[in-house]
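What follows is one structure encoded as structure tokens, with my remarks underneath.
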Number of protein chains: 2
Amino acid sequence: MKSILENINKIFENRVRLALMSILMVNDEAEFNALKQMLDLTDGNLAAHIATLERNHYVSVRKEYKGRKPSTTYSATPEGKRAFTEHLNALEKIINNIH
Amino acid sequence: MKSILENINKIFENRVRLALMSILMVNDEAEFNALKQMLDLTDGNLAAHIATLERNHYVSVRKEYKGRKPSTTYSATPEGKRAFTEHLNALEKIINNIH
DNA sequence: ACAAAGTACTTTGCGGTACAAAGTTAATAA
DNA sequence: TTATTAACTTTGTACCGCAAAGTACTTTGT
């Protein structure tokens, strides 16, 4: 009966990464500074959480110049989308179990 | 726009405590050993997580003798149920935002 | 030419968390 | 009396989250 925890993804237990992924599910891409402002994070903190998502291949990065300014854009990978969906399904089960 | 994280309860970010609360929402009470087996935890680990929930007044404890054996039974407090429901609502919002 | 500011990090350091394993207390059973 | 069970508490280790400071590179302002 530890099925309650099955499919709950450790990576997404953290609220910041949960938020990042949910933003990147709805928006195809998002820039570093936009995410930073949306979630009110220090840049170091944001960079660290993104790095965790990258390490797990849940997020991909694109670096470019927008005008004359460097810009880093993040996207959820197909693998990231799959993993996150599975996580949400696990949460949904818990919710349905109770409501 | 950090509303994504609003109402996400830090206490329930942890998978074990999430599971404990979801069990105690569905079952009025649960015994120490039952929870331990359900979630496949060491007793120290279970005790620690329950202690966290107790400290926050989300769970109450009842100690008694069942036959001749001591038995500790846990329940979600009204406050705990309220807090957990709010947390699930926050998760539900995230899910609905995406589906 | 030089200083200041912006972008996107990385590093540092601290306090907190998660966990297993071992130790503890108190009662019951053999 | 020794062992067992229940429910913890303590200990020790490893990891995590975060702010703040430092870094590298570029652009903008004077």
Side-chain angles (χ1 to χ4, degrees), chain A residues 2 4-6 8-24 27 29-56 58-75 87, chain B residues 2 4-6 8-24 27 29-56 58-76 83 87:
Chain A
K2 88 168 186 186
I4 295 167
L5 295 181
E6 246 171 353
I8 293 284
N9 190 325
K10 279 224 157 205
I11 303 296
F12 303 135
E13 268 188 87
N14 177 275
R15 60 199 332 202
V16 173
R17 291 193 295 270
L18 186 79
L20 286 172
M21 283 306 292
S22 84
I23 291 170
L24 293 177
N27 307 280
E29 315 186 316
E31 286 179 31
F32 187 90
N33 273 322
L35 292 171
K36 189 182 140 187
Q37 281 163 36
M38 279 191 248
L39 300 175
D40 192 27
L41 302 171
T42 57
D43 41 6
N45 196 8
L46 173 56
H49 283 298
I50 289 276
T52 296
L53 293 173
E54 268 191 82
R55 249 198 321 283
N56 286 274
Y58 290 167
V59 157
S60 64
V61 187
R62 208 183 70 240
K63 284 161 192 284
E64 62 181 332
Y65 273 81
K66 279 239 162 106
R68 303 231 156 134
K69 289 183 180 179
S71 159
T72 305
T73 305
Y74 303 99
S75 309
H87 181 73
Chain B
K2 88 170 185 182
I4 295 168
L5 294 182
E6 245 170 353
I8 292 284
N9 190 325
K10 279 223 157 204
I11 304 294
F12 303 135
E13 267 188 88
N14 177 276
R15 60 199 329 197
V16 174
R17 291 193 295 271
L18 186 80
L20 286 172
M21 283 305 292
S22 84
I23 290 170
L24 293 176
N27 308 280
E29 315 186 314
E31 287 179 30
F32 187 90
N33 273 321
L35 292 171
K36 189 182 140 185
Q37 281 163 36
M38 278 190 250
L39 300 175
D40 192 26
L41 302 171
T42 58
D43 40 6
N45 195 8
L46 172 56
H49 284 297
I50 290 275
T52 297
L53 293 172
E54 268 190 81
R55 250 199 320 282
N56 286 273
Y58 290 167
V59 157
S60 64
V61 187
R62 207 182 71 238
K63 283 160 194 285
E64 64 181 333
Y65 274 80
K66 279 237 162 108
R68 304 231 156 135
K69 288 184 180 176
S71 158
T72 305
T73 306
Y74 303 99
S75 309
H87 181 74

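Order of the sequence lines sets the chain letters (A, B, ...), proteins ahead of strands, with each chain counted from 1.
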Of A:Lys69 and A:Leu41, whose closest DNA chain D nucleotide lies nearer the 5' terminus?
A:Leu41
Rounded to the nearest 0.5 angstrom, the CG-CG distance for A:Leu18 and A:Leu39 is 10.5 Å
Within less than 4.0 Å of OP1 or OP2 of C:dC19, is there a side-chain N or O belonging to B:His49?
yes
Would you compute the distance between atom CD1 of B:Ile11 and atom CG of B:Leu20 and round it to the nearest 0.5 angstrom?
12.5 Å
To the nearest 0.5 Å, what is the distance between OH (A:Tyr74) and CD (A:Glu31)?
10.0 Å
Atom CZ of B:Arg62 to atom P of D:dA6: distance rounded to whole Å?
17 Å
Output yes when at least one side-chain N/O atom of B:Ser71 is less than 4.0 Å from OP1 or OP2 of D:dA6, else no.
no
By the 4.0 Å heavy-atom rule, please label B:Arg17 as base, sugar-phosphate, or nothing.
sugar-phosphate
Can you identify which nucleotide, out of D:dT26, D:dA7, C:dT7, has its nearest atom closest to the A:Pro70 side chain?
C:dT7
Atom NZ of A:Lys66 and atom P of C:dG6 are separated, to the nearest Å, by 19 Å
Rounded interatomic separation in angstrom, taking CG from A:Leu46 and C1' from D:dG17:
13 Å
Rounding to a whole Å, what distance do you find between A:Glu54:CD and C:dA8:P?
13 Å
Nearest whole angstrom, please: distance from the P of C:dA18 to the CD1 of B:Ile50.
14 Å
Scan every strand shown for a Watson-Crick or G-U wobble partner of D:dG17, both distances under 3.5 Å, and answer none if you come up empty.
C:dC14
Between the OG1 atom in A:Thr72 and the CG atom in A:Asn33, the distance rounded to the nearest 0.5 Å is 9.0 Å
Does OP1 or OP2 of D:dT5 have a side-chain N or O of B:Asn33 closer than 4.0 Å?
no
Please report the distance, rounded to the nearest Å, between NZ in B:Lys36 and P in C:dC19.
15 Å
Options C:dT10, D:dA7, C:dA20, nucleotide nearest the side-chain atoms of B:Thr42:
C:dA20
Here the gap from A:Leu41 atom CG to A:Lys36 atom NZ, rounded to the nearest 0.5 Å, amounts to 9.5 Å
Separation of D:dA7 P from B:Leu35 CG (nearest whole Å)
10 Å
Rounded to the nearest 0.5 angstrom, the OG-CD distance for A:Ser71 and A:Glu64 is 5.0 Å
For B:Arg68 and B:Thr52, find the nucleotide of DNA chain C closest to each by heavy atoms; which residue's nucleotide sits nearer the 5' end?
B:Thr52
When the distance from CG of B:Leu20 to P of C:dA18 is rounded to whole Å, what number comes out?
12 Å
Need to verify one output field. Residue with the more 5' nearest nucleotide on DNA chain D, A:Gly44 or B:Glu31?
B:Glu31
Please check the phosphate of C:dA8 (OP1 and OP2 only) for any side-chain N or O of A:Tyr74 closer than 4.0 Å.
no
Establish, with yes or no, whether the OP1 or OP2 oxygen of C:dA20 is under 4.0 angstrom from a side-chain nitrogen or oxygen of B:Asn45.
yes
Among C:dC9, D:dA7, C:dA20, which is the nearest nucleotide to the side chain of B:Asp43?
D:dA7
